[in-house]
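Throughout, protein chains are lettered first and strands after them, A, B, ... in sequence-line order, and every chain is numbered starting at 1.
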Number of protein chains: 2
Amino acid sequence: MKSQLQKINEFINNLGREEYSILEKISTTKTYKKGEVLLHQNETCRFTYSVEKGILRKFYLNDGKEITTEFLFEDDIAVSFDSYVLQKPSREFIQAITDSTVSQLDYHSFQEAKSLHSELVKLDLLITEYYAMWLENRLLEFHTLNATQRYLHLLSNQPEIIQQIPLSYIASYLGISLETLSRIRAKI
Amino acid sequence: MKSQLQKINEFINNLGREEYSILEKISTTKTYKKGEVLLHQNETCRFTYSVEKGILRKFYLNDGKEITTEFLFEDDIAVSFDSYVLQKPSREFIQAITDSTVSQLDYHSFQEAKSLHSELVKLDLLITEYYAMWLENRLLEFHTLNATQRYLHLLSNQPEIIQQIPLSYIASYLGISLETLSRIRAKI
DNA sequence: CGAGGCCTTGACCGCGGTCAATGCCCGTGG
DNA sequence: CCACGGGCATTGACCGCGGTCAAGGCCTCG
C-alpha cells in the first residue's frame with residue numbers, strides 16, 4: 001500500500017513538463033466552508049477533488065442515516081468513484097468537515113488529456129490500483145475484526161481521524177452505532 | 001457496472017491486431033482439476049488468470065477458517081490483486097472449484113507489453129476500475145443488507161453460484177456461518 | 001453396508017443495535 | 001454575566017441477529 005503511494009509520487013515527480021502543465025491548466029482551486037457539500041447525491045461527479053488543506057468525507061444515506069465511507073486529508077483524492085467513472089448519478093455525498101482548499105480536476109478535460117498523453121493514463125491506473133487495494137483492506141477489516149479491534153486499528157493507523165472528527169461520523173465509518181463506539185472508548 | 005463491462009468488451013474488440021497478438025503470445029492456457037490450487041498463500045501472484053471454462057474461487061484463512069472473497073466464472077479474471085500489483089506475497093489462495101481451463105498472463109510480460117503499447121494500459125485501467133466498483137458494491141452490501149437480504153440478493157443476481165457451489169463456500173462469501181445460511185434457506 | 005462429506009436442526013449465548021434519559025460544552029441573547 | 005437551548009457524547013435497559021457447539025440426517029462411493 002505505502003509502496004504504491006511511493007510509486008505514485010515518483011511518477012508524478014517524473015512527469016514531463018508538458019503533462020504537468022496540462023494538469024495545472026485543467027485544474028481549478030476552490031475553497032469550501034465547514035459543512036459545505038461539494039457533491040450531492042444524485043448529482044453526477046464531474047470532478048476529482050484533491051485535498052490541499054482541510055478534511056473532507058464521503059457518505060451516503062441508508063434509511064435516512066448517514067454512513068461515512070471515507071475521510072480525506074491533505075494530498076488525498078476525493079471522488080464518488082462509480083459516479084465519476086460511469087458519469088452517472090452519485091449515491092454518495094462529498095462534504096467538507098473543516099474549512100478546506102481543494103484542487104478539482106474536470107472529468108472531460110482529464111479524459112481528453114489522457115487521450116493525448118498516455119503517461120496520464122498510467123497515472124490514473126496507479127491511483128485506481130491504490131484505491132482498489134484500499135477497498136480490499138477495508139473489506140478484510142470488516143470480516144476479520146470486531147468493533148473494538150476496528151476502533152483500535154483506526155486509532156493506531158490514523159489517530160488524526162479520532163482527534164479531529166465527530167464521533168458520530170467515525171462510528172458510521174467503523175460500521176457501528178454511536179453508542180457502541182462510546183462504550184468501546186469508555187473501556188479503554 | 002454493466003456498462004463498464006461493455007466498455008471493456010468494446011475496447012478489446014477494437015484493439016489493434018498487433019496488441020491482440022501480443023496478448024496471445026504472452027498468455028498460456030492451462031487446465032486445473034477440481035480442488036487444485038493455482039496460487040498459494042504467501043506465494044507472489046505472477047499471473048492474472050482468465051477463466052475460459054470452469055469455476056475458481058479466491059479465499060484466505062482467518063483463525064484457520066477459509067473466508068471466500070470471490071467466485072470467478074467464464075470470462076472473469078482471477079488475481080490476488082495486491083499481491084499482483086505490488087509483487088509481494090499473497091494473503092489469498094486461488095483455487096479451482098471445478099475442473100477448469102484458464103488463460104494466464106504473466107505479470108512481467110504484461111508490464112513490458114504495456115510499456116510498448118499504451119492501449120494495453122488503458123485496458124488495464126478499465127479492468128481495474130471495474131474491480132474497484134465491484135469492491136465498492138460489496139462493501140455497500142455488507143453495510144446496508146442483513147444476512148437474509150444478502151443471500152436473496154445473491155440468489156437473484158448470481159443464481160449460478162447457489163447451484164454449483166458448496167454452501168460452506170457461499171456462507172463465508174456472504175460473511176455468515178454455514179448454520180445461519182442453512183436456516184435462512186429453510187425459511188424460504 | 002459402513003464411512004465420510006455435506007447439510008440441517010436445536011439449544012444457548014454474546015455482540016452490538018435501539019430507545020430513552022442524562023450529562024456536558026458552548027454560543028447567543030436578555 | 002448568567003440563563004437557556006442545541007449539538008454532541010455518555011450511560012442504562014432491553015432485545016434480536018447471527019455465532020458456536022453438538023447431535024443428527026442424508027447422500028455417495030468404496
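For the pair A:Ile162 CD1 and D:dA9 P, the interatomic distance rounds to 12 Å; values are reported in whole Å. Between the NE2 atom of B:His143 and the C1' atom of C:dG17 there is a distance of 15 Å, rounded to whole Å. Remark: P of C:dG14 and NZ of A:Lys187 are 13 Å apart, rounded to the nearest angstrom. Atom pair B:Leu178:CG and C:dC6:C1' shows a separation of 8 Å (rounding to whole Å applied). Taking atom CD1 of A:Ile184 as the reference point, atom P of D:dT11 lies 13 Å away to the nearest angstrom. At whole-Å resolution of the value, CD in A:Glu66 and C1' in D:dC8 are 14 Å apart. Between A:Ile165 atom CD1 and D:dA9 atom P the separation is 12 Å, expressed in whole Å. Atom OH of B:Tyr169 is separated from atom P of C:dC6 by 7 Å (rounded to the nearest Å).
Taking the side chain of B:Ser182 as heavy atoms from C-beta on, and the options C:dT18, D:dT20, C:dT9, the nearest nucleotide is C:dT9. Listed candidates were C:dG16, D:dT20, D:dG19. Nearest to the side chain of A:Asn146 is C:dG16. Nearest to the side-chain atoms of A:Ser177 among the listed nucleotides D:dT11, C:dT18, C:dT9 stands C:dT18. Nearest nucleotide to the B:Ala147 side chain, out of C:dT8, D:dG18, D:dA9: D:dG18. Here C:dG17 is the nucleotide among C:dG17, D:dT10, C:dG10 with the atom lying nearest to any side-chain atom of A:Ile176.
Contact between the side-chain N/O atoms of B:Thr180 and the OP1/OP2 oxygens of D:dG18 is not found at any separation under 4.0 Å. Using a 4.0 Å cut-off, some side-chain N or O of A:Lys65 falls inside it from OP1 or OP2 of C:dT18.
Contact of B:Glu179 with C:dC7 (side chain to base): no donor-acceptor pair of N or O atoms is detected under 3.5 Å. Judged by distance alone with a 3.5 Å cut-off, a donor-acceptor contact links the side chain of A:Arg183 to the base of C:dT18.
Between the side chains of A:Tyr84 and B:Glu129, not a single donor N or O lies within less than 3.5 Å of an accepting N or O.
Ring geometry, B:Tyr173 versus B:Phe71: the interplanar angle falls from 30° to 60°, so the pair is classed tilted.
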Worked check of side chain to side chain contact (heavy atoms under 4.5 Å, CB included) between B:Leu125 and A:Lys114: CA-CA 12 Å; B:Leu125 175 60; A:Lys114 282 196 289 184; 3.8 Å; yes
Which donor-acceptor pairs under 3.5 Å do side chains of residues 7-26 of chain A form with protein atoms, sequence neighbours excluded?
from    : atom 1 : to      : atom 2 : distance (Å)
A:Lys7  : NZ     : A:Gln4  : OE1    : 3.4
A:Lys7  : NZ     : B:Val85 : O      : 3.4
A:Asn9  : ND2    : A:Leu5  : O      : 3.4
A:Asn13 : ND2    : A:Asn9  : O      : 3.2
A:Asn14 : ND2    : A:Glu10 : O      : 3.3
A:Glu19 : OE1    : A:Gly16 : N      : 3.4
A:Ser21 : OG     : A:Arg17 : O      : 3.4
A:Ser21 : OG     : A:Glu18 : O      : 3.0

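Taking 4.5 Å as the limit, some side-chain heavy atom of B:Leu56 sits within range of a side-chain heavy atom of B:Ser100.
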